[in-house]
Amino acid sequence: MADMILKKSALADFIKSLSGSYKVFTPSREGQEVKFASNQGKVLLDFQNTLLSPKDFFFPQSERMFEYSTDPAAADAFILKDIATEPEPRLVFGIRPCDARAFVILDRIFKNDQYTDSYWFARREATTLIGLGCQNPCPTCFCLSVGGGPFSEEGLDVLACDLGETLLFKPLTEKGQQALDKAEGLAEADDKTSQEAARIKEQAEAAISSRISTDKIDEKTVMELYEAPHWEVVQERCLNCGVCTFVCPTCHCFDIQDEVAGKVGDRIRNWDTCMSWLFTQHGSGHNPRADKTSRVRQRFMHKFKYIPMKRGGDIGCVGCGRCIMLCPVNIDVRDVVRDMNA
Amino acid sequence: MSNPYKPYPVRIDKVIVETEDKNLRSFRLVFLNPEDDKAFDYTPGQFAELSLAGYGEIPIGIASSPTEKGHLLFTVNKVGAVSSALHNMKEGDIMGVRGPLGNSYPLKDMEGRDIVIVAGGFAVTTLRSTITWMLDPANRDKYGKITFVYGARTPGMLLYKDEWRAWQKRDDIDPYITIDREHPDWDGLVGLVPAVLEEANPGSENAVALVCGPPIMIKFTQPVVEKLGFADEDVIMSLENRMKCGIGICGRCNVGPEYVCKDGPVFTKAQLNELPREY
């Protein structure tokens, strides 16, 4: 698999040439917000990251799981049936390496030693990801401290690098190579171009000044971390609003609900948040995480202690910084982790 | 790819009002498709998600034993939207069951040992399953003495009367059935579970204790179990937490790093000592 090069002036045609095989999504700007959209004339390259994480490509905010009839006269009344849809082949261009790494972490959540979440994996398998290396990291980025980097390749099928006049494409998987084979306007890159991309990668890594350490969290027991006094300080500010969980690329907790209209019903799943008291409330009224402290602690413990303990060692945070930018009371995950690691 | 969220369709074969307050009903369920009955291969201590189209799902311990063929039994307390809807259902109605889910009591590790089973209120469901399974001729020889201490507030609040009355007539299990206070309809034991357990004084040597009950009973039973000489590794408990997926993904039933739905619901007291009390 060889590195390929594309003139930026040919980018629109490149995207168009892929549209026959995939539904193609590219970054676009709508007012203040950067988001992925399909059928864009102009491909946005000058952006830091999307406002929301792209997790909804595979884990929609609301998703129908089953459908059923609630008409007692129907032969199949009250029996849940699969919703017959094949996921369409999609290609996402311009995803950031931090967000692609989040998918790898979530792959290990949505599949455990016993069960595989068929909804997540059906979409994952049908989707090709072309990442775009980060050359202009935000001050809130700390990907290098949690196992990633601005040019991390994990979770991507192709990694692209912006060289000014041209884009360099590095195929990383068979799926990625297949997409490049279908695209028009590519030429094989020479060694000099690949070296230039390597230099840009080093520069980008050097530009990330924000660092945290997590080494001591591993050594501490669950109860040592759980009983630490700093949670009482964080909870004083935390509103339990849940925006951090909403924008987080690795937050994956969900609720399952039934909705009925007339004589048909759906079982749906929706994003949920551990910041809500209702999240853990028993039918009896008893609530194991009844106070704010226990809820805010759960989010950080889950990402930085429980996920590494139980899901293959990697921290459940990719350092994208969205929660830092959007927290209304300026809680900074880096400060919390410093306390956990102290 | 098979879908782990899809329930098996079942028919309600029988509804039994278990308690005088009518808040506890048992539902005997029969699979609509015989092949699903085969696929639903469970062990005492496991639970399932009961699925009501239009209402949702609730995680409930399996009260029947795998030795009782042809149906599943669940005893449900009426507390929320789904359990209330279930209480309104009739024999013949169609619903769903998803499972079996979770781990089970460590029946294999318990072989060759004496068994002490302590239950309070309606937390006796999966212990009914366990006792029924152990008393089956194919399994009884694997275990030593079986002691069963079970209490409720009043005689009318005791579940599974037919079963424990039959057990009282057997010589291979020692049931101690108790109610909290004297009652005109009762000529059996009177006293709280911890006191009755202490009085029964089952030996702890080469023994395992299975303890399930409301938090207040657990709180006062633990010191007795300790006094009787049980090590924390030999005290086995079953947790409940709010659940949705039941398969270790949706993230709400965690107790520390453990998912009650998948890593539990059965834990030893030694395991729970290392975990936050988020249950």
Side-chain angles (χ1 to χ4, degrees), chain A residues 65-66 68-70 76-82 109-122 125 221-223 226-227 251-260 265 267 269 272 274 278-289 294 297-298 301-302 305-310, chain B residues 1-10 32 49 51-58 76-85 89 93-96 98 101 214-215 239-260 262-263 273-279:
Chain A
M65 304 175 86
F66 301 101
Y68 46 82
S69 164
T70 55
D76 57 355
F78 308 110
I79 295 178
L80 271 66
K81 287 174 297 194
D82 292 307
I109 302 274
F110 282 104
K111 183 180 169 68
N112 55 43
D113 57 346
Q114 275 179 278
Y115 302 102
T116 301
D117 187 293
S118 40
Y119 301 95
W120 169 270
F121 282 98
E125 282 159 19
T221 65
V222 166
M223 290 313 290
Y226 186 88
E227 288 170 342
C251 271
H252 58 275
C253 291
F254 59 83
D255 189 19
I256 300 176
Q257 292 285 340
D258 279 36
E259 283 183 0
V260 179
R267 181 156 293 166
R269 75 165 161 197
D272 205 346
C274 58
L278 191 57
F279 188 67
T280 48
Q281 171 124 315
H282 290 201
S284 65
H286 168 67
N287 196 337
R289 290 202 283 269
S294 60
R297 171 174 52 202
Q298 166 65 17
M301 288 290 279
H302 196 185
K305 183 65 178 174
Y306 305 155
I307 288 180
M309 270 178 85
K310 299 290 267 193
Chain B
M1 222 182 301
S2 73
N3 186 337
Y5 299 97
K6 192 172 185 181
Y8 299 119
V10 293
L32 291 192
E49 289 278 356
S51 162
L52 271 69
Y55 295 93
E57 293 184 317
I58 40 171
V76 179
N77 189 23
K78 184 178 166 180
V79 284
V82 182
S83 58
S84 298
M89 289 180 74
D93 285 352
I94 301 298
M95 51 179 281
R98 188 158 66 83
L101 301 169
L239 300 188
E240 288 187 324
N241 253 357
R242 190 184 178 102
M243 293 175 190
K244 289 287 175 173
C245 74
I247 57 174
I249 297 176
C250 86
R252 75 192 56 236
C253 70
N254 306 54
V255 172
E258 311 296 337
Y259 282 88
V260 173
K262 186 177 163 293
D263 305 313
N273 290 343
E274 310 291 315
L275 297 173
R277 290 190 65 89
E278 291 192 340
Y279 44 87

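In what follows, every chain begins at residue 1, and chains take the letters A, B, ... in the order their sequences are listed.
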How far apart are the C-alpha atoms of B:Tyr55 and A:Gln257, what are their side-chain angles, what is the distance that settles it, and do they pass the side chain to side chain contact (heavy atoms under 4.5 Å, CB included) test?
CA-CA 7 Å; B:Tyr55 295 93; A:Gln257 292 285 340; over 6 Å; no
B:Ile247 side, atom CD1; A:Gln114 side, atom CD - distance, nearest 0.5 Å
9.5 Å
Part of A:Phe66 lying under 4.5 Å from any heavy atom of chain B
side chain
Could you grab the distance from atom OG of B:Ser51 to atom CG of A:Asp258, nearest 0.5 Å is fine?
6.5 Å
Using non-hydrogen atoms and a 4.5 Å limit, figure out which bit of B:Tyr259 sits close to chain A: side chain, backbone, both or neither.
side chain
Just jot down the ring-ring contact (aromatic ring centres under 6.0 Å, His included) partners of A:Tyr68, sequence neighbours excluded, or say none.
none
Per-residue contact mode, B:Asp263 against chain A (heavy atom under 4.5 angstrom)
side chain
Side chain / backbone / both / neither for A:Asp255 at chain B, heavy atoms under 4.5 Å:
both
Under a 4.5 Å heavy-atom cutoff, which of B:Gly251, B:Gly54, B:Pro9 has the most pairs with chain A?
B:Gly54
Which heavy atom in B:Ile94 sits nearest to a heavy atom in A:Ala77, and how many Å separate them?
CG2-O, 4.0 Å
Not counting sequence neighbours, which residues clear ring-ring contact (aromatic ring centres under 6.0 Å, His included) with A:Phe110? List them please.
A:Phe59, A:Trp120
Value for CZ (B:Arg252) from SG (A:Cys253), rounded to nearest 0.5 Å, stands at 7.0 Å
Return the CD1 to NZ distance between A:Ile79 and B:Lys6, rounded to the nearest 0.5 Å.
10.0 Å
Check each atom of A:Asp82 against the heavy atoms of chain B and say whether the ones under 4.5 Å are side chain, backbone, both or neither.
both
When you measure from the centre of the six-membered ring of B:Tyr5, is the NZ or CZ of A:Arg269 closer than 6.0 Å and no more than 45° off the axis?
yes
Residues A:Pro288 and B:Asn241: closest non-hydrogen pair is CG-OD1, 3.4 Å
Which of the residues A:His286, A:Lys305, A:Gln281, A:Gln298 is involved in the greatest number of heavy-atom pairs with chain B at under 4.5 angstrom?
A:Gln281
Are side-chain N/O atoms of A:Tyr119 and B:Asn3 paired as donor and acceptor at under 3.5 Å?
yes
Taking side chain as C-beta onward, heavy atoms only, is B:Pro4 less than 4.5 Å from A:Thr116?
no
Please identify, among A:Ile256, A:Ile307, A:Asn287, the residue contributing the most non-hydrogen atom pairs under 4.5 Å to chain B.
A:Ile256
Using non-hydrogen atoms only, which part of A:Glu227 is less than 4.5 Å away from chain B: side chain, backbone, both, or neither?
neither
Please classify the contact between A:Met301 and chain B as side chain, backbone, both or neither, with a heavy-atom cut-off of under 4.5 Å.
neither
Is the number of heavy atoms from other residues, nucleotides or ligands within 6.0 Å of CD (B:Glu240) greater than 12?
no
Using side chain to side chain contact (heavy atoms under 4.5 Å, CB included), reason through B:Ile249 and A:Phe254 one step at a time and then give a plain yes or no.
CA-CA 9 Å; B:Ile249 297 176; A:Phe254 59 83; 3.7 Å; yes
With a 4.5 Å cut-off on heavy-atom pairs, point out which of B:Gly56, B:Pro7, B:Gly80 contacts chain A the most.
B:Gly56
Say whether, by atom type as modelled, one donor and one acceptor occur between the side chain of B:Arg242 and the main chain of A:His282 under 3.5 angstrom.
no
Any side-chain heavy atom of B:Pro257 sitting closer than 4.5 Å to one from A:Val222?
yes
Could you give me the CA-CA distance, side-chain angles and deciding distance for A:His302 and B:Asn254, then say whether side chain to side chain contact (heavy atoms under 4.5 Å, CB included) is met?
CA-CA 9 Å; A:His302 196 185; B:Asn254 306 54; 4.0 Å; yes
Chain A contact via B:Leu32 - side chain, backbone, both or neither, heavy atoms under 4.5 Å
side chain
Could you measure the distance from the CD atom of B:Glu278 to the OH atom of A:Tyr226? Nearest 0.5 Å is fine.
3.5 Å
Pick one of side chain, backbone, both or neither for B:Cys245, based on which atoms fall under 4.5 Å of a heavy atom in chain A.
both
Would A:Asp113 and B:Lys262 satisfy salt bridge (charged side-chain N to carboxylate O under 4.0 Å, His left out), going step by step from the backbone distance to the final call?
CA-CA 10 Å; A:Asp113 57 346; B:Lys262 186 177 163 293; 2.7 Å; yes
Chain B shares the most heavy-atom pairs under 4.5 Å, among A:Leu80, A:Thr221, A:Thr70, with A:Leu80
Greatest number of heavy atom pairs closer than 4.5 Å to chain B - which of A:Met65, A:His252, A:Arg267
A:Arg267
